[in-house]
Amino acid sequence: MNRRTTSAALMLAGILLLALNLRPAAVSVGPVLPDVGSSLDMSATVASLLTALPVLAFSAFGAIAPWVARTFGIHRATLLSLFAVAVGLFSRSLAANEWIFLALSAVALAGMAVANVLLPSLVKRHFPQRVGVVTALYSTVSALSMTLALVLTVPISHADGGWRTGLAVWGVYAVVAAMPWLGLMRHDRSTPPPAKSVRLVDVARTPLGLGLAAFFGLQSLQAYAVFGWFPSLWRGSGFSAGEAGLLVGLVSATAVPLSLIVPAAAAWRRDPRPILLTTIAGFPLGYLCVLVAPHALAIPAALLIGVGTLTFPLCLVMIGLRSRDHETTAALSAVVQSLGYLLAAAGPFAFGLLHTATDGWTAPVLMLMVLTVPLGALALYIGRPLLVEQQLARRHPRPATGSAGSAGSAGSAETVEDTEEPAADEPSGT
């Protein structure tokens, strides 16, 4: 095995281990929130803030990820993000009061937010001809870690006598994931700084940047509303707390095998829009099952909604394919995730308001169903052969930053669909 192959393997391992840490800090609290609240005498206000903290942290801290990468180097920034995740997860399990728990949760989520934004850029930089395949791999790992955190946090807590162990155990992921990045930091020493950084405000003013952000926000809104409220919905339909938790776990688990196939297939197709629309259709079909027979059709509903959640890795693929170089990809990723998560924060809140106002589940579920219409319309736009650099150039002409053969532009900006050539993967900067 030559040096380049070894370096590529180490980079892929680092990316996949990093993906293990994209969700546990956000979803592991939910299953044990009653225990945490009781132990720390947590008020309803702090509990509500804690449930909204992931999307707020992803929005706020995701916006600074490109700056962190430029300041420290993208590989050192990745290592720092894992350090923040580990410190936050281990420390919050020792928290003595609700505000310390909240603050340390924010530390862990800040690390996750930076990693969320940097991952597409890392893939674009080191595997430019395999954006779809590598995104599919790390999306599958991320979905698997989310499922494990949802399903295993409670059993681990019960086995060891408390929620503190159940939450702290996920910090081990971050420690393990940091190992390859200790070696990968050397890439930053050999990487010249970009000739001109891409400003987030410029990307946010492009139709593609806004379209991807709206798409990301609406799909995240669906997911967070489901993961936040459907356990209660299913419990109200006659399921026990454990059964409702398993149904939510099924929603997440459905995406695990499909994440390995669907994003890569979308990247390889000249027109990914049929895949985007088929995936989105899982949401309204699942909600229809919930409305018609929430108990009898609970499993089909969970499976169909799980298909809908594949819009998350599909959006990550689109971020990589709609930009030429890793610097622009980082800026586009930051804009999409920061604005998108800000929009997504309204989902669980609006769902809860409608549930309270109507004392039922029909109105909030119908709200989610209606919101799949603009999601589909946005899919038709982001699936077009566009590049954010083209739209930036119309506003601020500047020298091209990517080569004609880069992923995301198969020879020219007009044939951007041909984003992945069957060439060997070789990380840059080796």
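For the single chain, residues carry numbers from 1 onward in sequence order. Keep in mind that this is a model prediction, so the values were computed, not measured.
Considering all non-hydrogen atoms of both residues, Ser259 and Thr140 come closest at C-OG1, 3.0 Å. Counting all heavy atoms, side chain and backbone alike, Thr78 lies closest to Leu118 at OG1-CD1, 3.9 Å. Of all non-hydrogen atoms in Ala86 and Val175, the two that sit nearest each other are CB-CG2, 4.3 Å. Here the shortest heavy-atom pairing between Gly62 and Ser338 reads C-OG, 3.4 Å. In terms of heavy-atom proximity, Leu339 sits nearest to Ala213 at CB-CB, 3.9 Å. Closest of all the heavy-atom pairs between Leu137 and Leu12 is CD1-CD1, 4.4 Å.
Note that CG of Leu18 is 7.5 Å distant from CG of Leu122, once rounded to the nearest 0.5 Å. The line from CD1 of Ile74 to CG of Leu184 is 11.5 Å long, rounded to the nearest 0.5 Å. To the nearest 0.5 Å, the span separating CG on Leu276 from CZ on Arg269 amounts to 10.0 Å. Atom-to-atom distance recorded for Ser28:OG and Leu152:CG is 11.5 Å, nearest 0.5 angstrom. For the atom pair CZ of Phe283 and OG1 of Thr309, the computed distance is 6.0 Å after rounding to the nearest 0.5 Å. Considering CZ of Phe312 and CG of Leu316, their distance stands at 4.5 Å, rounded to 0.5 Å.
Using cut-offs of 30° and 60° on the angle between ring planes, the pair Phe72 and Trp67 is perpendicular. Between Phe351 and Trp361, the angle of the ring planes lies from 30° to 60°, which puts this pair in the tilted group. Classified by interplanar angle (parallel below 30°, tilted 30° to 60°, perpendicular above 60°), the ring pair Tyr341/Tyr224 is perpendicular.
Counting heavy atoms from C-beta outward, Ile275 and Trp268 have side chains that stay 4.5 Å or more apart. Side-chain contact check for Val226 versus Tyr287: some heavy-atom pair is nearer than 4.5 Å. Considering only heavy atoms from C-beta on, Gln222 comes within 4.5 Å of Leu368 through its side chain. Looking at Arg70 and Glu327, their side chains come closer than 4.5 Å, going by heavy atoms from C-beta outward. Residues Arg23 and Asn116 meet the side-chain proximity criterion, which asks for heavy atoms closer than 4.5 Å. Counting only heavy atoms from C-beta outward, the side chains of Val172 and Phe90 approach each other to under 4.5 Å. At a threshold of 4.5 Å between non-hydrogen side-chain atoms, the residues Val251 and Phe227 count as touching. Contact check for Met11 versus Phe127: side-chain heavy atoms found under the 4.5 Å cut-off.
Judged purely by atom type and a 3.5 angstrom limit, Thr71 has no side-chain atom pairing as donor or acceptor with the backbone of Val68.
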Thr153 and Trp170: CA distance, side-chain angles, deciding distance, side chain to side chain donor-acceptor pair (under 3.5 Å) verdict: CA-CA 9 Å; Thr153 298; Trp170 305 110; 3.1 Å; yes
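Here the options are Val107, Leu104, Val87, Leu102, the test is side chain to side chain contact (heavy atoms under 4.5 Å, CB included), and the partner is Arg92; only Leu104 passes.
Other residues, nucleotides and ligands contribute at most 12 non-hydrogen atoms within 6.0 Å of the CZ atom of Phe83. More than 12 non-hydrogen atoms from other residues, nucleotides or ligands lie less than 6.0 angstrom from CZ of Arg273. Atom CG of Leu277 has more than 12 heavy atoms from other residues, nucleotides or ligands within 6.0 Å.
If you check the side chains of Ser252 and Thr147, you find a donor sitting under 3.5 Å from an acceptor.
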